[in-house]
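First listed ligand is number 1; within each ligand, the first listed atom is number 1. Below, each value reflects all heavy atoms present in this structure, side chains not excepted, and no hydrogens, waters or symmetry copies. Model, not experiment: these values are computed from the prediction.
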Amino acid sequence: MSKKVLILAGDGIGPEIVAEAVKVLKALQSAGAIDVVLEEGLVGGAAYDVWGDPLPAETLTAAQSADAVLLGAVGGPKWEPLPIAKRPEKGLLGLRKGLGLFANLRPALLYPQLIAASTLKPEVVSGLDLLIVRELTGDIYFGQPRGIETLPSGERRGINTMVYTESEIERILRVAFDLARRRRRRLCSVDKANVLECTELWREVANRLAGEYPEVELTHMYVDNAAMQLVRAPKQFDVMVTGNLFGDILSDCAAMLTGSIGMLPSASLNERGQGMYEPIHGSAPDIAGRGIANPIATILSVAMMLRYSLDAPQVAARIETAVSRVLDQGLRTPDIMTPGMRQVGTAEIGDAIVAALAEDV
Ligand code: IPM
Ligand code: MG
């Protein structure tokens, strides 16, 4: 039976990069490798402009009934003056919460062809292959109370609340232990247990679960040290698991190790295996509409979609191989350009990946 994929291009470079990912999906469809029905919807600023709401009910309903969602990016300066509740980012957060996408997988893999594009020394990053598992529906992103209030003195006070229940911690840690078990069996849980009770509980739960996963070596690291270790010696990590806010920050940091944030895909999964797939970079309004954005993170997100939600791991691997071949050909968008390579635009990379897929039969 065909699987339903909802396409949400969003804002900024979203439509350009998603168009290339859709090319890949359609090419695989015509070749008979997958059986999908593509639907389109509005989210973020694009939805606000039409409906006055960054997450129209129609979009949420379509996402809930899809097997997978492919999302470009949301946000941009145009919508910054809006109140937080109407900002494009709320569309994204609403989808995460509305679909219960608590497990966010953010792999940071260095393609050997891009070693010169990293700002770190080759010996520090060569062979890098780590996975950040970020909790995505809790923490200070959603905790109550929140807001800006005015005190009797007239001074204003901003409030957000870091909060996790034991069951929320347990379910994300189980995902991370399971993934670590299938990789190099090392799990580093990142917290700030020396200061924050919320993460003291996190650490306690992690230690309790470790007994059930004797083959996985569990370690703990404070988040400030983890940020430092990621740039000092990133290859010490296999799987890192952490809360929503720390995961947001550490995953951007990990992304840069691979040369460009334009290379990194992500999967956000719920308990039913439904998923939303998106590049981890944002809407890059500064380069939107110029046809120079790197579509690879979005195309690799399609590969993750095939692996985790559409039950087509072999086709996922074909996409990853095609990306690698295109890098071998020396084609580069400006973000990963290095001397001696050929600089091309968004569509050329998409076309080259489709061509590489066609050759690989
Ligand atoms: C991310 C982004 C989002 C987040 C923003 C756009 C709301 O930075 O997916 O990492 O903070 O989670
Ligand atoms: Mg982020």
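- The contact set between ligand 1 and Arg134, taken as ligand atoms under 4.0 Å from a residue heavy atom, comprises 1 (C), 4 (C), 9 (O), 10 (O), 11 (O), 12 (O).
- Leu187 places none of its side-chain heavy atoms less than 4.5 Å from the side chain of Asp238.
- Scanning the protein for heavy atoms near atom 11 (O) of ligand 1, the closest one is Tyr141 OH, 2.5 Å.
- Residue contacts to the Mg ion (ligand 2): Asp252 brings no N, O or S atom closer than 2.8 Å.
- Ranked by closest heavy atom to atom 12 (O) of ligand 1, the top entry among Arg87, Arg96, Glu89, Glu278 is Arg96.
- The closest protein non-hydrogen atom to atom 2 (C) of ligand 1 is Asp248 OD1, 4.0 Å.
- Just one residue in the list Val326, Val24, Asn294 forms a side chain to side chain contact (heavy atoms under 4.5 Å, CB included) with Ile299, and that residue is Val24.
- With a 4.0 Å cut-off on non-hydrogen atoms, Lys90 does not touch ligand 1 at all.
- Judged by distance alone, the side chain of Asp335 and the main-chain N or O of Ser260 form no donor-acceptor pair under 3.5 Å.
- Nearest-residue assignment for atom 5 (C) of ligand 1 (options Ile261, Leu92, Asn244; heavy-atom criterion): Leu92.
- Judged by distance alone, with hydrogens and angles left aside, the side-chain atoms of Glu135 form a donor-acceptor pair with the main-chain N or O of Thr137 at under 3.5 Å.
- A salt bridge between Arg185 and Glu217 is absent, with no side-chain N of the basic residue lying under 4.0 Å from a carboxylate O of the acidic one.
- In terms of heavy-atom proximity, Ala68 sits nearest to Met305 at CB-CG, 3.7 Å.
- The N, O or S atom of Asp248 with the smallest distance to the Mg ion (ligand 2) is OD1.
- Taking every heavy atom of both residues into account, Gly12 and Pro15 meet most closely at O-CD, 3.2 Å.
- Looking at ligand 1, you'll find an N or O of Arg106 within less than 3.5 Å of one of its N or O atoms.
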